[in-house]
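Residue numbers begin at 1 in each chain, while the letters A, B, ... track the order of the sequences.
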Protein chains: 2
Amino acid sequence: MAMDSRKIEEILEKKGVRVTSIRILVMDALMSASRPMSLSDLETVLDTVDKSSIFRTLEVFEKHHAVHSIDDGTGSVKFEVCEGEEECTVSDMHAHFYCEKCHKTFCLKEINAPVVDLPEGFEMHSVNYIVKGVCRSCSRKMA
Amino acid sequence: MAMDSRKIEEILEKKGVRVTSIRILVMDALMSASRPMSLSDLETVLDTVDKSSIFRTLEVFEKHHAVHSIDDGTGSVKFEVCEGEEECTVSDMHAHFYCEKCHKTFCLKEINAPVVDLPEGFEMHSVNYIVKGVCRSCSRKMA
DNA sequence: TGATGAATTGCAACCGGGTTGCGGCAGCCC
DNA sequence: GGGCTGCCGCAACCCGGTTGCAATTCATCA
């Protein structure tokens with residue numbers, strides 16, 4: 001419960017999402033986390049809330065562009081709060097880093113996902129750019 | 001059975017993979033396909049072969065750098081034959097395109113996955129670059 | 001305030017990709 | 001042949017994600 005729930009209500013309303021207590025909980029968890037969270041991450045944090053409720057909440061959030069999902073190739077989709085007022089566009093999407101040691105996914109907010117030119121006739125909707133490797137703290141530990 | 005099985009045996013041997021009839025079948029299927037194949041794609045094509053055998057075969061291939069896997073964010077990992085003699089490096093990895101209409105994954109062989117600079121201390125092992133959208137033939141159909 | 005209908009939630013069951021244990025079989029070396 | 005090793009098929013399992021359904025909550029309006 002890191003954030004003022006009034007603030008969160010405002011955000012939800014601005015995105016056109018009806019406010020409920022569960023939605024506040026989920027949004028709060030997502031905003032308080034420093035990293036993208038998976039469904040089961042959220043399940044762990046919000047252990048009073050049913051998995052399917054979290055799932056459907058995320059569906060609603062995503063439809064209203066309050067969050068976006070990223071696939072870091074671990075087999076579990078991660079969710080992240082959209083920055084700014086309007087919906088995320090391709091060029092907003094930043095790169096992500098997945099650590100093969102500690103299995104955490106990091107946002108590389110300062111690095112935009114590079115956009116390539118597609119062959120004629122292909123239409124781009126979104127980009128996923130994932131780097132896999134070893135993160136800073138793990139590579140330090142190993143040295 | 002598009003390829004000469006002698007050729008396939010040679011390839012497997014060169015990668016240090018013991019040759020068996022199933023491994024020839026799997027490698028043949030992968031090489032004959034124009035697109036990356038998932039475990040269940042292979043299951044369908046090779047309907048006489050057990051899923052777990054294909055799975056373990058792919059494990060062996062991957063360990064010996066005969067194939068590499070890509071995650072296109074569909075929830076099923078795809079496999080692709082490594083080009084060339086030695087193992088794939090990060091800079092070899094090309095971009096992939098996932099069509100949200102026909103649910104096919106395309107290799108954009110001519111487009112290398114762009115490589116970004118990581119923050120200090122992060123160590124890169126591999127890159128996944130996936131563009132999602134609508135492919136040429138689907139966008140033609142819709143017009 | 002109370003009734004009504006729509007939206008939300010919890011529960012349980014399901015689905016499908018991926019994974020594993022195990023027993024049987026094939027190939028190889030002695 | 002006997003024994004060893006590795007490969008294969010079967011069945012069962014795991015887990016993230018998803019759905020049907022009944023119960024609850026919420027907003028609205030009489």
Nearest to side-chain heavy atoms of [X], which nucleotide of [options]:
{"X": "Val49(A)", "options": "dG18(C), dG9(D), dG10(C)", "result": "dG10(C)"}
{"X": "Arg23(A)", "options": "dT8(C), dG18(C), dG16(D)", "result": "dT8(C)"}
{"X": "Ser53(B)", "options": "dG9(D), dT8(C), dG18(C)", "result": "dG9(D)"}
{"X": "Arg18(A)", "options": "dT18(D), dT8(C), dT9(C)", "result": "dT8(C)"}

When you match Glu43(B) and Arg56(B) each to their closest nucleotide on DNA chain C, which lands nearer the 5' end?
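Closest to the 5' end, via its nearest nucleotide, is Glu43(B).
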
Do [X] and [Y] have side-chain atoms, one donor and one acceptor, less than 3.5 Å apart?
{"X": "His94(B)", "Y": "Tyr129(B)", "result": "no"}
{"X": "Ser53(A)", "Y": "Lys51(A)", "result": "no"}
{"X": "His125(A)", "Y": "Glu123(A)", "result": "yes"}

So does Ser40(A) reach the base of dC15(D) with its side chain, donor to acceptor, closer than 3.5 Å?
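No.
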
May I ask you to verify whether the side chain of Lys51(B) and the base of dG18(C) hold a donor-acceptor pair under 3.5 Å?
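Counting by modelled atom types and ignoring angles, a donor-acceptor contact under 3.5 Å is found here.
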
Figure out the [atom1]/[atom2] separation between [X] and [N], and round it to whole Å.
{"X": "Leu58(A)", "N": "dT18(D)", "atom1": "CG", "atom2": "P", "result": "10 Å"}
{"X": "Phe55(A)", "N": "dT8(C)", "atom1": "CZ", "atom2": "P", "result": "15 Å"}
{"X": "Ile54(B)", "N": "dC10(D)", "atom1": "CD1", "atom2": "C1'", "result": "14 Å"}
{"X": "Asp50(B)", "N": "dC22(C)", "atom1": "CG", "atom2": "P", "result": "17 Å"}
{"X": "Ile22(A)", "N": "dA23(D)", "atom1": "CD1", "atom2": "P", "result": "18 Å"}

Counting any heavy atom closer than 4.0 Å, what does Ser52(B) reach on the DNA or RNA strands: base, sugar-phosphate only, or nothing?
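The answer is base, as Ser52(B) lies within the cut-off (heavy atoms under 4.0 Å) of a base atom.
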
Among Asp71(B), Asp72(B), Val77(B), find the one that has a side chain to side chain contact (heavy atoms under 4.5 Å, CB included) with Thr74(B).
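By the side chain to side chain contact (heavy atoms under 4.5 Å, CB included) criterion, Thr74(B) pairs with just one of Asp71(B), Asp72(B), Val77(B): Asp72(B).
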
